[in-house]
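Working notes, structure below.
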Amino acid sequence: MRYRNNPVLSLAAAVAAATVALGANVNLNSPTGTKGLFLVDKVGAYLRFFDPKTLQEQASFSVATNPHDFALSPDHKYAYVPVYGDGVYGRNPHPGHEILIVDLEEKKLAGTVDIAPYQAPHGIQIDSKGIVYVVCDISRKLLVIDPRSRKVVDAIDNEGTGHWIALLPDASKIYVTNKTDKPYISVIDLKARKVVARIPAPGGSEGIAASPDGKTVVAMDHAEPTMLVIDPKTDRVVDKVTLKGNIKGGYKVYYSADGKRVLTMSLSERLANIFEAANLHGEQKVLPVGKDPMGFAFSADGKTVLVANHGDGSVSVIDLDEGRVVKDFHAGTGIETLTYY
């Protein structure tokens, strides 16, 4: 599927201004805001926009099959959405090869980045300069993309298939989980442009996230209900935390926008676990959510988190202070990821 490439006006200047404005420990890859709510409806093949207060849909448009994940530009004017293809990990017969550029203010498609010959873009992150990083599982590459020129500027061998990625805030390294393909998490040095470490993950690895201060990386064990805690200085697992109430491996893990909390989700068990980031072995709040939870979105005031329940077309609203689900609302066919902006 092709789209006409409309110009992205003044993107370089906007990104530069936003970068100057960013303070220390801003979590670019767990963004938040008050202007809108952006949702990636993977199952329905739509991108949707909701009012962040009323939680009512404002606009939507259809896209190619299986849009996955997103990254927001530092100024929150654009979203970059990988088009994965019509399958799933390990079974993707018609892999995608585009990154959609979405104008969040106009609520419309602003263009695409064609990443061919690379296929099946999936996990995506962004740095403070607006450079986008996306892993392609079929091609076994980590792509470095300049969205201003709409070009792939580098393709780095990941060794494994790659699934989800976590970028350190200083953009020095990216951590790539390889699901069940390789028994390790790949560590890519972005200056050297190569894998420099392999962190053992014998049970496989799923979701992964870096703390806003860059001092910790956490990852989900694919087989066991365990969160791996990694020291980025040594690239070693320094701790393991059991996910309370979970029997199988967790799916994804997020730091809250303010970095104070860590949240995990389990697909098969329909659970969300909430941790205090400063004490991962402290009390965990375990909450039932909808079917196949896949994404979190944190409100700007830090009081609320939304859970995208990919399997039943619902979104759960969690009051983080009270530690409970306060409501659910319908959104699309199956939202995988979402964010306030």
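Along the sequence shown, the residues carry numbers beginning at 1.
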Ring pair (Phe, Tyr, Trp, His ring centres under 6.0 Å) contacts in which one or both residues fall within residues 118-147, not counting sequence neighbours: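 Checked against ring pair (Phe, Tyr, Trp, His ring centres under 6.0 Å) - neighbours excluded - the pairs reaching residues 118-147 are His68-His122, Tyr84-His122, His122-His163, His122-Trp164.
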Sequence neighbours excluded, every pair satisfying ring pair (Phe, Tyr, Trp, His ring centres under 6.0 Å) that has a member inside residues 276-299: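 Only Tyr254-Phe296 qualify under ring pair (Phe, Tyr, Trp, His ring centres under 6.0 Å).
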Is there a side-chain contact between [X] and [Y] in this structure, where contact means two heavy atoms from C-beta onward sitting under 4.5 Å apart?
X: Asp157; Y: Val195; result: no
X: Ile185; Y: Ile230; result: yes
X: Asn92; Y: Asp86; result: yes
X: Leu47; Y: Leu100; result: yes

Would the distance check show the side chain of [X] and the main-chain N or O of [Y] forming a donor-acceptor pair, the cut-off being under 3.5 Å?
X: Asn66; Y: Gly87; value: yes
X: Ser139; Y: Gln119; value: yes
X: Ser299; Y: Thr304; value: yes
X: Asp41; Y: Gly334; value: yes
X: Asn27; Y: Ser30; value: yes
X: Asp231; Y: Val238; value: no
X: His330; Y: Gly332; value: yes
X: Asp181; Y: Gly162; value: no
X: Asp103; Y: Lys108; value: no
X: Glu269; Y: Ile247; value: yes

Residues that Tyr184 engages under ring-ring contact (aromatic ring centres under 6.0 Å, His included), provided they are two or more places apart: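 Testing Tyr184 for ring-ring contact (aromatic ring centres under 6.0 Å, His included), a comparison that skips the adjacent residues, returns none.
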For Tyr46, ring-ring contact (aromatic ring centres under 6.0 Å, His included) partners two or more places apart: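 For Tyr46 there are no ring-ring contact (aromatic ring centres under 6.0 Å, His included) partners, ignoring immediate neighbours.
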Are [X] and [Y] ion-paired here, with the side-chain N under 4.0 Å from a carboxylate O?
X: Asp235; Y: Lys173; result: yes
X: Asp146; Y: Arg148; result: yes
X: Asp321; Y: Arg261; result: yes
X: Lys244; Y: Glu283; result: no

Ignoring hydrogens, what is the shortest heavy-atom contact between [X] and [Y]? Give both atom names and the distance.
X: Ala71; Y: Ile124; result: N-CG2, 3.8 Å
X: Val253; Y: Met220; result: CB-CE, 3.9 Å
X: Asp127; Y: Leu28; result: C-CD1, 3.6 Å
X: Ala201; Y: Ser205; result: CB-CB, 4.2 Å
X: Gly123; Y: Asp69; result: CA-OD2, 3.7 Å
X: Ile126; Y: Pro74; result: CD1-CD, 4.0 Å

Pair Gln284-Asn273, side-chain donor/acceptor within less than 3.5 Å: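 Judged by distance alone, the side chains do pair up.
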Between Ser316 and Asp328: side-chain donor-acceptor atoms closer than 3.5 Å: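 Yes.
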Positive for side chain to side chain contact (heavy atoms under 4.5 Å, CB included) with Ile208, one of Val176, Ile174, Thr177: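 Exactly one candidate clears the test, Thr177.
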Passing option when Asn178 is tested against Asn158, Asp137, Thr161 for side-chain hydrogen bond (donor to acceptor under 3.5 Å, both in side chains):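 In the set Asn158, Asp137, Thr161, the residue that makes a side-chain hydrogen bond (donor to acceptor under 3.5 Å, both in side chains) with Asn178 is Asn158.
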Arg193, CZ: over 12 other non-hydrogen atoms inside 6.0 angstrom: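 Buried by this count: over 12 neighbours within 6.0 Å.
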Whether over 12 other heavy atoms sit under 6.0 Å from Lys107 NZ: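 Atom NZ in Lys107 is crowded, with more than 12 foreign heavy atoms closer than 6.0 Å.
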Salt bridge (Lys or Arg N to Asp or Glu O under 4.0 Å) between Lys35 and Glu105, worked out: CA-CA 9 Å; Lys35 292 174 63 177; Glu105 293 185 344; 3.5 Å; yes
Derivation and outcome, ring pair (Phe, Tyr, Trp, His ring centres under 6.0 Å), residues Phe70 and Tyr80: CA-CA 5 Å; Phe70 68 88; Tyr80 307 112; over 10 Å; no
Other ILVMFWY residues reachable from Ile335 by side-chain steps of under 4.5 Å: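 Members besides Ile335, by chain and number: Leu37, Leu39, Phe50, Leu55, Leu306, Val315, Val317, Val326, Phe329, Leu338, Tyr340.
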Check against side-chain hydrogen bond (donor to acceptor under 3.5 Å, both in side chains), Glu336 and His310: CA-CA 5 Å; Glu336 181 180 68; His310 165 274; 5.5 Å; no
Trace of the side-chain contact (heavy atoms from CB on, under 4.5 Å) decision for Val218 with Leu228: CA-CA 6 Å; Val218 288; Leu228 307 178; over 6 Å; no
For residues 165-172, please give each side-chain donor-acceptor pair under 3.5 Å, one per line with the distance, not counting sequence neighbours.
unit_1, atom_1, unit_2, atom_2, d
Asp170, OD1, Ser172, N, 3.0
Asp170, OD1, Ser172, OG, 2.7
Asp170, OD2, Ser172, OG, 3.4

Qualifying residue for salt bridge (Lys or Arg N to Asp or Glu O under 4.0 Å) with Glu159, from Lys182, Arg198, Lys141, Lys194: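 The option that passes is Arg198.
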